[in-house]
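Source: prediction; values computed, not measured. So you know, we letter chains A, B, ... as the sequences are listed, proteins then strands, and number each from 1.
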Amino acid sequence: MSATREASSPPKNPAENRPVVTRFAPSPTGFLHIGGARTALFNYLFARHHGGKFLLRIEDTDRARSTEPAIAAILDGLGWLDFDHDGEIVYQFERAARHAEVARELLANGNAYKCYATAEELEEMRAAQRAAKAPLRYDGRWRDRVAGPEFDNQPYVIRLKAPREGSVTINDRVQGAVTVANAELDDMVLLRSDGTPTYMLAVVVDDHDMGVTHVIRGDDHLNNAFRQLALIRAMGWEEPVYAHVPLIHGSDGAKLSKRHGALGVDAYRDELGMLPEAVENYLLRLGWGHGDDEFIDRAQAIQWFDLAGVGRAPARFDLKKLENVNGHYMRLADDARLVALVTPRIAAAIGRNLTAADQDLLLRSMSGLKIRAKNINELADSAIFYLRTRPIPIDERAASLLTPEAGDLLAQVHRDLVVLDSWTTQSTEAAVRAIAESRELGLGKLAQPLRAAVSGSTTSPGIFEVLEQLGREESLGRIADAIQLAKGKQ
RNA sequence: GGCCCCUUCGUCUAGCGGUCAGGACGUCGCCCUCUCACGGCGAAAGCACGGGUUCGAUUCCCGUAGGGGUCACCA
């Protein structure tokens, strides 16, 4: 139990006495990016920690920018990360009638009013404010004006009649007490002239109707919270607990956005070869801490997660650390699962589908491969040599090891291995070590050319392990190929 | 520009008035060793600055600087 913000700002919000309900509410205008994924994670963890509900709402009220593929991408991303939500997905646009109903209710009880100002008129207003270096905000020109008959058939928007005096304080669970003067807020549009709700109206109504108790979202919504609160109060509804989480920045410190280095979670999976549990762990540690703990799995995270542990400062995204975390989870991952992940990548690289025997070979070799890779791409690359057909390609560095002298050594290796009764890691190692000893050479002098011959590269899992997995015939064949190659250099 | 938020090693963070300022990634060195990894050991590296408050500030308060967010009939 920590005794910080939570204790210093005693829970006095009635919403905290209700069972926890959180929600993730992405707008489907693009992929699920890393910041959204973290917001989803925090909401998910908070709900699960408290045994509450984690709801999902698609904010598709912007008909022009919302797309089906974006919705699919977001659901795909959430599914990959395994953030299972409770209840049905709420599509905000389908609730437009309910939103309009609330706007009319506000209008009826005098907490909202019709504004007939045209877009051009408002632009003029802002231009004048800019010229006067005054803050840009709606001046309330229709706040107390009664429309004459000449406006009977004119389009209008409904604006909230927000308080102009005093100030509002939000007891944010992450940012602490934040106060803004009402004079800083203008009368926001609730219902557009075409009768559709704005985001401000929709979120408030939906959060209320869905029973959301804790609004956990990006810091970029902190300012919105004050306007939303005015609306909530006008309706006489219970206020949710707010927690505004700092944004994630790129490695250069600038805001991570779609045009600035932000990738969809699908790219972390497909292009960077990350495991979902690694992305989750990394994201959890980005902006949240629990003492010195670094590797925290799902169950542990649910047990430990709290809002008090969320930091107040924006964090920079560090791919190097993500890769380190990923490497950790790859080492922990089930071998068969890794084979499945690596199979399509290898198939693409070698231009053919893998047989059951291929997959079995990969499975047997996986323990030696996975400790050497930081992501699935590297894992696939490092495994390809097992499945090459002779003569296998030899890379430049490996080729340079295959000198005529190395050819002689390999010839003896071939002679001594071909007569072996059993073909195991132990038997081949013993044979090669015997050669090294008789020639008074370090094992490396033999192992490296052997590695070049068998793997086509200068790095690989333990060479005797490789020999065993590859089998006697294939191994000896590759060695013979290399001897030919080395001789050809004379 | 107005308003709001933020500021501990390069990066992510621990720290809740008295600590040799801890851990992790990254970097460098050593060990292990058939290569590369893994693993182990070690090193360099930080409280943005200035004022207060206090016996004592990384920690509390106020400024300054820097960074970020937000100011639509987008979400």
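- Distances were taken from every side-chain heavy atom of Arg331(A) (C-beta onward) to each of C6(B), G39(B), C12(B); the shortest belongs to G39(B).
- In this structure, the CG atom of Leu160(A) is 14 Å from the P atom of C73(B), given to the nearest Å.
- Between the side chain of Ser460(A) and the base of C36(B), no donor-acceptor pair of N or O atoms lies under 3.5 Å.
- Set against A75(B), A24(B), U70(B), the side chain of Tyr199(A) has A75(B) as its closest nucleotide.
- A distance of about 31 Å separates the P atoms of C9(B) and C71(B), rounded to the whole Å.
- G2(B) atom P lies 11 Å from atom CD of Glu184(A), rounded to whole Å.
- Of all nucleotides listed (G26(B), C36(B), C12(B)), G26(B) comes nearest to the side chain of Lys320(A).
- Closest approach to the Ala315(A) side chain among C34(B), C12(B), G22(B) is made by C12(B) (side chain taken as heavy atoms from C-beta onward).
- Nucleic acid contact for Leu222(A): sugar-phosphate only, since backbone atoms but no base atoms lie under 4.0 Å from a heavy atom of the residue.
- Atom CG of Asn324(A) and atom P of U13(B) are 16 Å apart (whole Å).
- Side-chain atoms of Asp306(A) and His290(A) include no donor-acceptor pair closer than 3.5 Å.
- Nucleotides G63(B) and U53(B) are separated by 15 Å at their C1' atoms, to the nearest Å.
- The side chain of Val189(A) has C73(B) as its nearest neighbour among C3(B), C73(B), C6(B).
- Counting any heavy atom pair closer than 4.0 Å across all strands shown, Arg159(A) reaches sugar-phosphate atoms only and no base atom.
- Checking Asp187(A) against Tyr113(A) by side-chain atom types alone, a donor-acceptor pair falls below 3.5 Å.
- Per the geometry, CD belonging to Glu378(A) stands 19 Å off P belonging to U35(B), to the nearest Å.
- The shortest distance between the side-chain N/O atoms of Arg137(A) and the OP1/OP2 oxygens of G2(B) is not below 4.0 Å.
- Contact annotation for His290(A): no contact, since no heavy-atom pair falls under 4.0 Å across all strands.
- Side-chain proximity of Glu59(A) to the nucleotides G69(B), C12(B), A75(B) is greatest for A75(B).
- Counting non-hydrogen atoms under 4.0 angstrom, Asp194(A) reaches nothing in the nucleic acid.
- Within the 6.0 Å centre-distance limit, the rings of Trp288(A) and Phe305(A) are counted as a close aromatic pair.
- Pairing for C25(B) goes to G10(B), judged as Watson-Crick or G-U wobble with the two contacts each under 3.5 Å.
- Within the nucleic acid shown, Ser455(A) has no heavy atom closer than 4.0 Å to any nucleic acid atom.
- Taking atom P in both A37(B) and G69(B), one finds a spacing of 38 Å when rounded to whole Å.
- The partner of C32(B), taking Watson-Crick or G-U wobble pairs whose two distances both stay under 3.5 Å, does not exist in any strand shown.
- The side chain of Thr198(A) approaches A75(B) more closely than any other nucleotide in the set A75(B), C34(B), A24(B).
- Residue contacts shown for Leu286(A) are limited to sugar-phosphate atoms, with no base heavy atom under 4.0 Å away.
- Candidate nucleotides U7(B), C12(B), U70(B) were compared by shortest atom distance to the side chain of Arg285(A), and C12(B) ranks first.
- Base contact: Glu294(A) has a heavy atom under 4.0 Å from a base atom.
- Between His249(A) atom NE2 and G67(B) atom C1' the separation is 8 Å, expressed in whole Å.
- In this structure, His221(A) forms no aromatic stack with the base of G69(B), since the conditions of centre separation below 5.5 Å and plane angle below 30° are not both met.
- When rounded to the nearest whole Å, the span between CD of Glu429(A) and C1' of C34(B) equals 8 Å.
- Counting any heavy atom pair closer than 4.0 Å across all strands shown, Thr61(A) reaches sugar-phosphate atoms only and no base atom.
- If you check the side chains of Gln448(A) and Arg451(A), you find a donor sitting under 3.5 Å from an acceptor.
- Here C20(B) sits opposite no nucleotide as a Watson-Crick or G-U wobble pair (both hydrogen-bonding atom distances under 3.5 Å).
- Nucleic acid contact for Gly442(A): none, since no nucleic acid atom lies under 4.0 Å from a heavy atom of the residue.
- Comparing the C1' positions of C31(B) and G50(B) gives a spacing of 48 Å, expressed to the nearest Å.
- The pair Arg159(A)-Asp186(A) does not count as a salt bridge, with every side-chain nitrogen at least 4.0 angstrom from each carboxylate oxygen.
- Residue Arg126(A) is in sugar-phosphate contact alone, with no base atom involved, counting any heavy-atom pair closer than 4.0 Å across all strands shown.
- As judged by a 4.0 angstrom heavy-atom cut-off over every strand, Val157(A) is placed among the base-contacting residues.
- Between the side chain of Arg451(A) and the base of C34(B) there is at least one donor-acceptor pair of N/O atoms closer than 3.5 Å.
- Between U58(B) and A43(B), the distance separating the two C1' atoms is 24 Å to the nearest Å.
- Side-chain atoms of Asn43(A) come within 3.5 Å of backbone atoms of Ile216(A) as a donor-acceptor pair (strictly under, hydrogens ignored).
- With hydrogens and angles ignored, a donor-acceptor pair closer than 3.5 Å exists between the side chain of Arg372(A) and the base of C36(B).
- Between the P atoms of C49(B) and C41(B), the separation comes to 33 Å (whole Å).
- Whole-Å rounding puts the Asp220(A) CG to A75(B) P distance at 14 Å.
- Put simply, CG on Asp292(A) is 14 Å from C1' on C25(B), counting in whole angstrom units.
- Comparing the C1' positions of U7(B) and C47(B) gives an interatomic distance of 10 Å, to the nearest angstrom.
- Using a 4.0 Å cut-off between a side-chain N of Lys or Arg and a carboxylate O of Asp or Glu, Glu294(A) and Lys321(A) qualify as a salt bridge.
- For Ala447(A), whose side chain is taken as the heavy atoms from C-beta onward, the closest listed nucleotide among C4(B), A75(B), C34(B) is C34(B).
- Summarising the base pairing, C3(B) is matched to G69(B) through a Watson-Crick or G-U wobble pair whose two defining distances lie under 3.5 Å.
- Contact annotation: the side chain of Leu263(A) approaches that of Tyr268(A) to within less than 4.5 Å [non-hydrogen atoms, C-beta and beyond].
- Between Tyr116(A) and Phe151(A), the ring planes are tilted. Angles from 30° to 60° get that label.
- Using P as the reference atom, G26(B) and C12(B) are 15 Å apart when rounded to the nearest Å.
- Looking at heavy-atom distances under 4.0 Å, Met188(A) makes no contact with the nucleic acid at all.
- Between Asp207(A) and the choices Leu55(A), Val215(A), Ile232(A), the side chain to side chain contact (heavy atoms under 4.5 Å, CB included) rule is met once, by Val215(A).
- Of the candidates U7(B), C36(B), A75(B), the closest approach to any side-chain atom of Thr459(A) belongs to C36(B).
- No contact: Pro155(A) has no heavy atom under 4.0 Å from any strand.
- Among the protein residues, Ala131(A) comes within range of no part of the nucleic acid, since none of its heavy atoms lies under 4.0 Å from any strand.
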